[in-house]
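When a ligand or atom number is given, it counts from 1 through the structure's own listing order.
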Amino acid sequence: MTDSGSSSSTSTPLTSLSTSSGSLGLNIQKLTDPVSEVPHDEFWIFGYGSLIFKPPPGVERAEPGYITGFVRRFWQMSHDHRGVPDAPGRVVTLVEREYYWSRLAERDPHAKYEKKECRTYGVAYKIIPSQVPEVSAALDLREQNGYSVHLVPVHASSGSVILAIVYIGTPDNHAFAGVEADLDKLSELIYKSKGPSGYNKEYLLKLGEALRQLHDTNGVMEEDYHVEDLMARVRKLEALDVNK
Ligand code: BEZ
């Protein structure tokens with residue numbers, strides 16, 4: 001039984017949740033209703049994007065850590081937060097390693113900087129059990145633009161492995177932009193885009209700074225070259241912009 005006192009499905013042991021292969025070669029489980037599929041007393045959310053610098057509500061504990069088997073890329077369109085429907089910005093999504101190396105990496109100028117294991121660093125948040133339904137509903141609303149929810153093992157800096165839900169914009173979602181092969185164009189798009197949540201460049205720079213902070217406090221973390229390079233390019237555009 002969970003603190004929510006709700007349905008029997010919440011008592012499913014997390015370890016019994018199987019992995020599945022989807023049509024995109026995804027080897028991780030997709031959840032359709034995390035609130036009923038994941039026990040509320042072990043409800044963790046892994047943040048690798050805005051959740052790093054803007055944590056979800058109802059956090060009981062936060063643990064920095066990494067997941068393996070994905071690359072983080074600014075390849076998801078944002079029509080609702082960092083852009084608008086006619087001029088979408090770009091935010092991060094995760095691309096599964098297998099799919100990435102088999103179909104997309106060849107056109108990605110940053111592919112040569114990816115290590116074999118493909119670690120993505122972020123923060124795992126344990127949600128206060130009684131607040132799981134509201135927090136999950138709030139995040140579903142906040143991240144509704146093409147993201148689906150999956151279950152991943154997180155290697156926490158404390159040494160433990162935590163099963164957490166993660167929001168991923170898979171390559172079949174309507175807002176997936178595909179490979180952004182032209183980095184000048186991508187950085188210009190991020191530099192100029194703006195949406196209801198603010199400037200797209202602010203999202204990029206906050207994410208980059210938060211990743212650097214994670215690096216500083218957890219020494220072993222590797223640099224995310226994709227994010228670092230885009231930050232450098234956007235800062236250069238800013239410095240050259242006479243109209244700012
Ligand atoms: C995040 O992990 O910060 C996140 C990324 C994409 C959608 C929702 C959350």
Query raised in the report: In a check of side chain to side chain contact (heavy atoms under 4.5 Å, CB included) between I127 and each of I165, V38, L139, I45, which one passes?
Result: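 Testing each of I165, V38, L139, I45 against I127, the sole residue satisfying side chain to side chain contact (heavy atoms under 4.5 Å, CB included) is I45.
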Report task. Starting from Y113, walk the hydrophobic network (Ile, Leu, Val, Met, Phe, Trp, Tyr; side-chain heavy atoms closer than 4.5 Å) and list everyone else you reach, by chain and number. Result ->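 Same cluster as Y113: Y225.
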N or O contact, [X] vs ligand 1, cut-off under 3.5 Å:
| X | answer |
| --- | --- |
| I52 | no |
| Y167 | no |
| G49 | yes |

Query - Polar contact flag, side-chain donor to acceptor under 3.5 angstrom, D140-Y167 - result: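 D140 vs Y167: donor-acceptor pair found between side chains.
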**Report entry** Any donor-acceptor N or O pair under 3.5 Å, side chains Q76, N145
**Finding:** no
Query - Which segment of Y48 sits under 4.0 Å of ligand 1 when only heavy atoms are counted - result: both
Proximal ligand 1 atoms for [X], defined as those under 4.0 Å from one of its heavy atoms:
| X | answer |
| --- | --- |
| Y147 | 6 (C), 7 (C) |
| F46 | 2 (O) |
| L51 | 1 (C), 2 (O), 3 (O), 9 (C) |

Query raised in the report: R90: what forms a side-chain hydrogen bond (donor to acceptor under 3.5 Å, both in side chains) with it, not counting sequence neighbours?
Result: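 Per chain and number, R90 pairs via side-chain hydrogen bond (donor to acceptor under 3.5 Å, both in side chains) with E180.
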**Report entry** Cationic tip of R119 above Y66 ring, under 6.0 Å, 45° of axis
**Finding:** yes
